[in-house]
Amino acid sequence: MCIFCKIINNEIPSKKVYEDEDVLAILDISQANKGHTLVMPKKHYENILDIDNNIYLKVMEVAKKVALKQKQALNCEGINLLNNCGEVAGQSVMHFHVHLIPRNKEDEIKFQFKDNSNKFDLDEVLKMVKL
Ligand code: AMP
Ligand code: ZN
């Protein structure tokens, strides 16, 4: 059983921010910034590719509630909402979860994307990924 399933089953302690029938939100043990919270489905899905649509929407609805509460309670200036899908993308717990990381001007968190616009033809890329 994965570590988040054990948390959901109360086999491992956690700091519960929110709980309902389908969704659990807990404080992330690493606290990338004060209030860093994880929102997850109670049923085990590995990632965004296999999660049931309705459950996904419920998780995101809770994520929004958590964001509003963080803003009000912590007075943060911004929030990063983040999901890592796959080891290569930084996923270390293979149970779908969304990170909500409160942000402030003076924090030292950096998510930096390189500008690769000279490497790709956007029309070609669009042909590949357009739905
Ligand atoms: P990710 O790397 O996106 O899979 O995120 C996994 C997150 O789970 C990390 O930020 C960890 O700090 C967090 N984490 C791991 N174990 C626990 C735990 N027992 N309680 C709370 N958070 C945890
Ligand atoms: Zn699990």
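Atoms within each ligand, like the ligands themselves, are counted from 1 in listed order. Worth saying up front: this structure is predicted, and the values here are computed from it rather than measured. Along the sequence shown, residues carry numbers from 1.
Atom ND1 is the N, O or S atom of His95 at the shortest distance from the Zn ion (ligand 2). Distances from the Zn ion (ligand 2) to each N, O or S atom of His44 single out ND1 as the nearest.
The CD1 atom of Ile26 sits 9.0 Å away from the NE2 atom of His97 when rounded to the nearest 0.5 Å. With rounding to the nearest 0.5 Å, the separation of CZ in Phe111 from CG in Leu82 is 5.0 Å. Between the CZ atom in Phe96 and the CE atom in Met40 there is a gap of 10.5 Å [rounded to 0.5 Å]. Put simply, CD1 on Ile101 and CD on Gln31 are 10.0 Å apart, with the number rounded to the nearest 0.5 Å. Between atom CD1 of residue Ile51 and atom CG of residue Asn47 there is a gap of 9.0 Å, rounded to the nearest 0.5 Å. Going from atom CG of Leu100 over to atom CG of Asn33 covers 12.5 Å, rounded to the nearest 0.5 Å.
Salt bridge Lys42/Glu19: present, at least one basic N to carboxylate O contact under 4.0 Å. We find that Lys64 and Glu61 are not joined by a salt bridge, their nearest charged nitrogen and carboxylate oxygen being 4.0 Å or further apart.
For ligand 1 and Leu27, the ligand atoms under 4.0 Å from any heavy atom of the residue are 21 (C). Close approach of ligand 1 to Asn84 is summarised as follows: ligand atoms under 4.0 Å from at least one heavy atom of the residue are 1 (P), 2 (O), 3 (O). For ligand 1, the atoms closer than 4.0 angstrom to any heavy atom of Val93 are 4 (O), 6 (C). Heavy-atom proximity to Ser30, at under 4.0 Å, picks out these atoms of ligand 1: 10 (O), 12 (O).
No heavy atom of Ser14 sits closer than 4.0 Å to any atom of ligand 1. In this structure, His99 counts as a contact residue of ligand 1, since one of its heavy atoms falls inside 4.0 Å of the ligand.
The N/O atoms of Ile3, backbone and side chain alike, include none that comes under 3.5 Å of an N/O atom in ligand 1. In terms of N/O distances under 3.5 Å, ligand 1 is not approached by Phe4. The shortest N or O to N or O distance between Gln91 and ligand 1 is not under 3.5 Å.
Shortest contact from atom 22 (N) of ligand 1 to any protein heavy atom: Ile29 N, 3.2 Å. At the top of the distance list for atom 9 (C) of ligand 1, counting protein heavy atoms only, stands Asp28 OD2, 3.3 Å. The closest protein non-hydrogen atom to atom 19 (N) of ligand 1 is Ile7 CD1, 3.7 Å. Shortest contact from atom 4 (O) of ligand 1 to any protein heavy atom: Ser92 N, 2.7 Å. Shortest contact from atom 5 (O) of ligand 1 to any protein heavy atom: His97 NE2, 3.0 Å.
Enclosure of atom CD in Glu11 by more than 12 non-hydrogen atoms of other residues, nucleotides or ligands within 6.0 angstrom is indicated.
Residue Ile26 touches ligand 1 through its side chain alone, judged by heavy-atom distances below 4.0 Å. At a heavy-atom cutoff of 4.0 Å, ligand 1 is contacted by the side chain of Leu38 but not by its backbone.
Defined by atom type and a distance below 3.5 Å, a donor-acceptor pair is present between the side-chain atoms of Tyr18 and Asp20.
Relative ring orientation between His36 and His99 is described as tilted, the plane-to-plane angle lying within the 30° to 60° band.
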